[in-house]
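A short write-up of the structure that comes next.
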Number of protein chains: 2
Amino acid sequence: MNTAKSRLQAQVKALRIEAITGAVHGLLAGKGYEAMTMDEVAEAVGMSKASLYKLFPSKESLAAQAMVQVLDQALALIDRLRDTPAADPLDCLQQLTRWAMQTQYDGEMPSLPAQNSALSAALLAHEPYVERLLSMSLKLGVWVAEAQSAGQIDPALPADFVLYQLYARACDPVLGVMKDDGRFDREQTLAWMIKVQFDGLAPVDRSR
Amino acid sequence: MNTAKSRLQAQVKALRIEAITGAVHGLLAGKGYEAMTMDEVAEAVGMSKASLYKLFPSKESLAAQAMVQVLDQALALIDRLRDTPAADPLDCLQQLTRWAMQTQYDGEMPSLPAQNSALSAALLAHEPYVERLLSMSLKLGVWVAEAQSAGQIDPALPADFVLYQLYARACDPVLGVMKDDGRFDREQTLAWMIKVQFDGLAPVDRSR
DNA sequence: GTCTATATGGAGATAGAC
DNA sequence: GTCTATCTCCATATAGAC
């Protein structure tokens, strides 16, 4: 086999994987992990289930790949925000949280079941996923610490608790309910969510 | 058939249903709706699956029954809180939210999948469930309105948005993560959750 | 009314031909 | 490398005997 041919093959394979990841992303966002079937994925990308299994060994691995993609999007946004001179750490945290909530509101955030030990185990065994999750937590941890030093976030709250709160907003059911309600538009809803979250994390106002 | 006999039968049946509901409650809290199987329920109450299906026509109906039980617990707490002279509306809302979060933290809150249209439809078709949900929303809506009038909750927030926020705390993933983390005890965690939620809902402090 | 045994269907995963 | 056809398991639900 010559090099040019194998490079082409590798490119084709990469494109295939990209297409699959996109399809899984959409399906996970639309109906969730449990309801997504391998038949659907295969049909969405126009290949047979058997071929799909040649590229991904399991359904869990598909979910992991999709989550890696989302984490990469978040990490890219984090880097852009960090390069914004006018933004202080709290602004950055708000922008990132806003992006996550907007993605969820728009039905484009993949959703995995919280209670599924098999899936959790598979995710934690998937190194690219863990690596990105860790990387993100480190970067956000810095912002949280800075915001606490600046008195924008209550220093009495553990940084990890603050992180958990922000992560949780990416799957907050309030967003979907507000959308279904229909009386409020997206920007208004997101503004209220941001207000509630970050006023809640702010230091206690002793004068009140 | 004489009356005494049929009364006894009705009592036995009621006890059976109570036992089933309790078992379902525990299973839903422990592993969630999807992972709970009818075989497990049958074994937990010591009857065959076929007999179980004589009392409940479907798995959805079991979940609905368990949710009704939880709503009844919440409604009972609401009535107790309302009879507490020293408690203002905000106190009542905080106490109820605290109870829901504590129940979740302790692994005793039944959990249903958010994305399952079949189950949602079954719940909304189950009148006892809808009736209690409506009743609860009305009672909480009064407290929210009063707390807004008293300046304890931001009047700019729609009352329904505030309600959605409070309902969402009953299934907030932060609670489970904090428990798994292990560095913080339950009371501390609940105190932080309450602080973040209700400081977030409080009116904006213009002087800050 | 309660049980054993079975129907029914769905979904993850694989065998084996081409 | 891709597909068709199939395996295997499991879960909801039911039939039919006692």
Side-chain angles (χ1 to χ4, degrees), chain A residues 1 5-20 23-24 27-28 30-66 112-113 115-123 125-126, chain B residues 1 5-20 23-24 27-28 30-66 112-113 115-123:
Chain A
M1 65 181 81
K5 181 175 175 186
S6 69
R7 260 220 316 266
L8 181 62
Q9 284 177 340
Q11 278 187 353
V12 168
K13 186 173 172 182
L15 281 177
R16 267 230 191 300
I17 287 182
E18 201 174 328
I20 295 169
V24 170
L27 286 167
L28 284 182
K31 34 203 305 183
Y33 179 78
E34 311 268 10
M36 178 186 81
T37 72
M38 296 300 275
D39 290 274
E40 286 171 331
V41 177
E43 191 190 343
V45 297
M47 73 172 61
S48 76
K49 203 163 48 164
S51 303
L52 183 58
Y53 270 99
K54 301 283 183 183
L55 294 171
F56 289 89
S58 67
K59 187 182 178 184
E60 284 100 340
S61 66
L62 278 180
Q65 178 77 6
L112 306 183
Q115 284 177 330
N116 186 330
S117 51
L119 180 57
S120 301
L123 284 180
H126 190 66
Chain B
M1 63 179 85
K5 182 175 176 186
S6 68
R7 260 219 317 266
L8 181 61
Q9 284 177 338
Q11 279 187 353
V12 168
K13 187 174 172 182
L15 282 177
R16 267 228 190 303
I17 288 182
E18 201 174 328
I20 294 169
V24 170
L27 286 168
L28 284 182
K31 36 202 305 181
Y33 178 78
E34 312 268 10
M36 178 187 83
T37 71
M38 297 299 273
D39 291 273
E40 285 171 332
V41 177
E43 191 190 344
V45 297
M47 71 173 60
S48 77
K49 206 164 44 166
S51 302
L52 183 57
Y53 270 99
K54 300 283 182 184
L55 294 170
F56 290 88
S58 66
K59 188 182 177 183
E60 283 101 340
S61 66
L62 277 181
Q65 179 77 6
L112 307 183
Q115 283 175 329
N116 186 329
S117 51
L119 179 58
S120 300
L123 284 181

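We use all heavy atoms of the structure for the numbers below, so side chains are in, but hydrogens, waters and symmetry mates are not. To find a chain, count down the sequence lines: A is the first, B the second, and so on, and within it residues start at 1.
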Check the distance between [N]'s [atom2] and [X]'s [atom1] and give it to me in whole angstrom.
{"X": "A:Gln9", "N": "D:dG1", "atom1": "CD", "atom2": "C1'", "result": "10 Å"}
{"X": "B:Phe56", "N": "D:dT14", "atom1": "CZ", "atom2": "P", "result": "16 Å"}
{"X": "B:Lys49", "N": "C:dA7", "atom1": "NZ", "atom2": "P", "result": "14 Å"}
{"X": "B:Asp39", "N": "C:dC3", "atom1": "CG", "atom2": "P", "result": "13 Å"}
{"X": "B:Asn116", "N": "D:dT12", "atom1": "CG", "atom2": "C1'", "result": "14 Å"}
{"X": "B:Leu52", "N": "C:dG1", "atom1": "CG", "atom2": "P", "result": "16 Å"}
{"X": "A:Glu40", "N": "C:dG10", "atom1": "CD", "atom2": "C1'", "result": "12 Å"}
{"X": "A:Leu55", "N": "C:dA13", "atom1": "CG", "atom2": "P", "result": "15 Å"}

For [X], which contact category applies under a 4.0 Å heavy-atom criterion: base, sugar-phosphate, or nothing?
{"X": "A:Glu34", "answer": "nothing"}
{"X": "B:Lys54", "answer": "base"}
{"X": "B:Thr37", "answer": "sugar-phosphate"}

When you measure from the side chain of [X], which nucleotide among [options] comes out closest?
{"X": "B:Tyr53", "options": "C:dT2, D:dC3, D:dA13", "result": "D:dA13"}
{"X": "A:Glu60", "options": "C:dT2, D:dT14, C:dA13", "result": "C:dA13"}
{"X": "B:Ser48", "options": "D:dG1, D:dA13, C:dT4", "result": "C:dT4"}
{"X": "A:Met38", "options": "D:dA13, C:dC3, C:dG12", "result": "C:dG12"}

Worksheet entry | Over all atoms of both residues, closest heavy-atom pair of A:Leu52 and A:Ala42 |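 Result for this residue pair: CD2-N, 4.0 Å.
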
Check your understanding: Can you name the closest pair of heavy atoms from A:Gly30 and B:Gln115 and give their distance?
Key ->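 Answer, listing the atom of A:Gly30 first, then B:Gln115: O-NE2, 3.8 Å.
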
Interatomic distance, B:Ser6 atom OG to B:Lys13 atom NZ [nearest 0.5 angstrom]
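Those atoms lie 11.5 Å apart.
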
Report the distance from atom CD1 of B:Ile17 to atom CZ of B:Phe56, rounding to the nearest 0.5 Å.
->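 The distance works out to 5.0 Å.
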
For A:Ser51 and D:dG1, is the shortest distance between a side-chain N/O and OP1 or OP2 below 4.0 Å?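 No, outside the criterion.
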
Residue mapping more 5' on DNA chain C - nearest nucleotide basis, B:Arg16 or A:Ala50 =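 Its nearest nucleotide being more 5', the pick is B:Arg16.
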
task = Can you spot which of A:Met36, A:Gln65, A:Glu40 makes a side chain to side chain contact (heavy atoms under 4.5 Å, CB included) with A:Val24?
result =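 For A:Val24, the side chain to side chain contact (heavy atoms under 4.5 Å, CB included) test succeeds with only one of A:Met36, A:Gln65, A:Glu40, which is A:Met36.
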
